[in-house]
Amino acid sequence: PPLLYSIDGVSFLPNPIFSALAPGTYTLQVKDGANCMATVSTVVGVNNTLVVDAGTVLPFCEGTGVPLNATTNATSFTWMPTLGLSNPATLNPVASPSISTMYYLTGRTGDCSKTDSVYVQVRQAPVANAGINQTICFGQNASLHGNGGISCTWDPPTYLSNPNAFNPTVIKPVNSVTYKLTVTDANGCSINSNVNITQPPVVTASISASSNVLCNAGNTGSATVTAD
């Protein structure tokens with residue numbers, strides 16, 4: 001008599017081929033004409049052909065960003081975490097986190113999924129300090145006191161003794177100026193700070209009236225000053 005085959009232990013059929021199976025573990029039974037049975041188990045796996053590559057990026061400076069050069073053949077994908085990404089719905093968003101972050105890219109097609117990661121290293125920017133605001137009189141000099149990083153540039157360079165020195169002299173400015181200090185550290189990271197040098201309007205003075213002292217009149221002279 002022919003052998004009968006079952007995948008569920010209930011329905012026995014003469015066909016030993018079972019198709020349209022989902023991934024999983026199955027117990028197959030074989031029964032002969034005397035109702036003697038043999039049992040065997042098998043695993044139906046998944047041929048996961050997904051490619052998910054989150055790419056690599058170089059360290060970058062705080063306050064800037066770097067595009068993620070990820071690739072995948074998945075029909076859908078997600079980035080985690082999404083904080084610091086310009087658009088987590090795109091495969092190549094710009095990452096600009098405030099601190100170094102590991103991002104995970106997961107691709108999915110049907111029941112298949114794969115995950116890859118990329119480490120985004122943030123180099124902390126230096127701290128720039130252009131000093132305190134100053135008010136000076138017309139014809140006077142001022143001293144700037146900047147610090148931060150290992151090199152600097154002041155902009156605009158107008159009236160400055162040296163725009164690349166941390167402590168230049170502002171030489172007799174004729175108007176108010178806002179100076180921007182840009183400092184750069186050893187990693188090439190830069191940041192700015194501003195300081196105001198205020199030049200009030202020039203005060204002018206003139207004598208509008210005066211009178212002399214009469215003979216033997218003591219302290220009777222006068223002078224009137226007009227200022228604007």
Side-chain angles (χ1 to χ4, degrees), residues 52-72 77-106 115-203:
V52 176
D53 184 356
T56 58
V57 295
L58 296 175
F60 69 98
C61 297
E62 177 187 6
T64 62
V66 61
L68 302 183
N69 54 346
T71 58
T72 183
F77 59 85
T78 55
W79 284 102
M80 288 297 292
T82 59
L83 184 66
L85 297 182
S86 60
N87 185 355
T90 65
L91 188 58
N92 304 115
V94 174
S96 53
S98 58
I99 60 174
S100 297
T101 303
M102 183 74 79
Y103 286 101
Y104 296 89
L105 174 66
T106 299
T115 298
D116 193 28
S117 62
V118 57
Y119 183 64
V120 176
Q121 181 181 352
V122 181
R123 289 174 170 166
Q124 298 300 307
V127 177
N129 184 357
I132 61 174
N133 296 329
Q134 303 178 50
T135 299
I136 62 173
C137 297
F138 181 80
Q140 290 183 334
N141 294 339
S143 295
L144 299 182
H145 302 283
N147 60 72
I150 61 173
S151 64
C152 73
T153 300
W154 294 93
D155 185 66
T158 310
Y159 309 121
L160 296 183
S161 59
N162 184 352
N164 300 119
F166 279 101
N167 302 302
T169 300
V170 185
I171 302 173
K172 297 181 180 179
V174 297
N175 52 268
S176 298
V177 184
T178 296
Y179 289 102
K180 179 177 72 174
L181 172 67
T182 301
V183 300
T184 304
D185 65 13
N187 291 318
C189 297
S190 300
I191 198 168
N192 303 323
S193 178
N194 292 342
V195 64
N196 298 318
I197 302 299
T198 302
Q199 171 72 73
V202 178
V203 177

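FYI, the numbering just counts along the sequence from 1.
- Under the 3.5 Å distance criterion, the side-chain polar atoms of Asn196 are left unmatched by any main-chain donor or acceptor of Thr178.
- Screening Ser143, Ser176, Pro200, Pro173 against Ile136 for a side chain to side chain contact (heavy atoms under 4.5 Å, CB included) leaves a single residue, Pro173.
- Counting heavy atoms from C-beta outward, Val127 and Ser193 have side chains that stay 4.5 Å or more apart.
- The heavy-atom pair separating Phe77 from Pro88 by the smallest distance is CE1-O, 4.3 Å.
- Here the side chain of Thr169 pairs no donor or acceptor atom with the backbone of Ser161 at under 3.5 angstrom.
- For the atom pair CH2 of Trp154 and CG of Asn162, the computed distance is 11.5 Å after rounding to the nearest 0.5 Å.
- Under the 4.5 Å side-chain criterion, counting only non-hydrogen atoms from C-beta, Tyr103 is not in contact with Ser117.
- Partners of Asn69 according to the side chain to side chain donor-acceptor pair (under 3.5 Å) rule, which considers only residues two or more places apart in sequence or in another chain, do not exist here.
- Contact of the Cys189 side chain with the Pro126 side chain is registered, since non-hydrogen atoms from C-beta on lie closer than 4.5 Å.
- With hydrogens and angles disregarded, no donor-acceptor distance shorter than 3.5 Å links the side chain of Ser96 to the backbone of Gly65.
- A 4.5 Å side-chain heavy-atom check between Val118 and Val57 finds at least one atom pair inside the cut-off.
- At distances below 3.5 Å, not a single donor-acceptor pair connects side-chain atoms of Asn129 with backbone N or O atoms of Gly146.
- Not a single donor-acceptor pair under 3.5 Å links the side chain of Tyr159 to the backbone N or O of Val177.
- For the residue pair Ser190 / Thr184, a side-chain donor-acceptor distance below 3.5 Å is found, with atom types taken as modelled.
- Side chain of Asn92 to main chain of Ala70: a donor-acceptor pair is present (N/O by atom type, distance under 3.5 Å, no hydrogens or angles).
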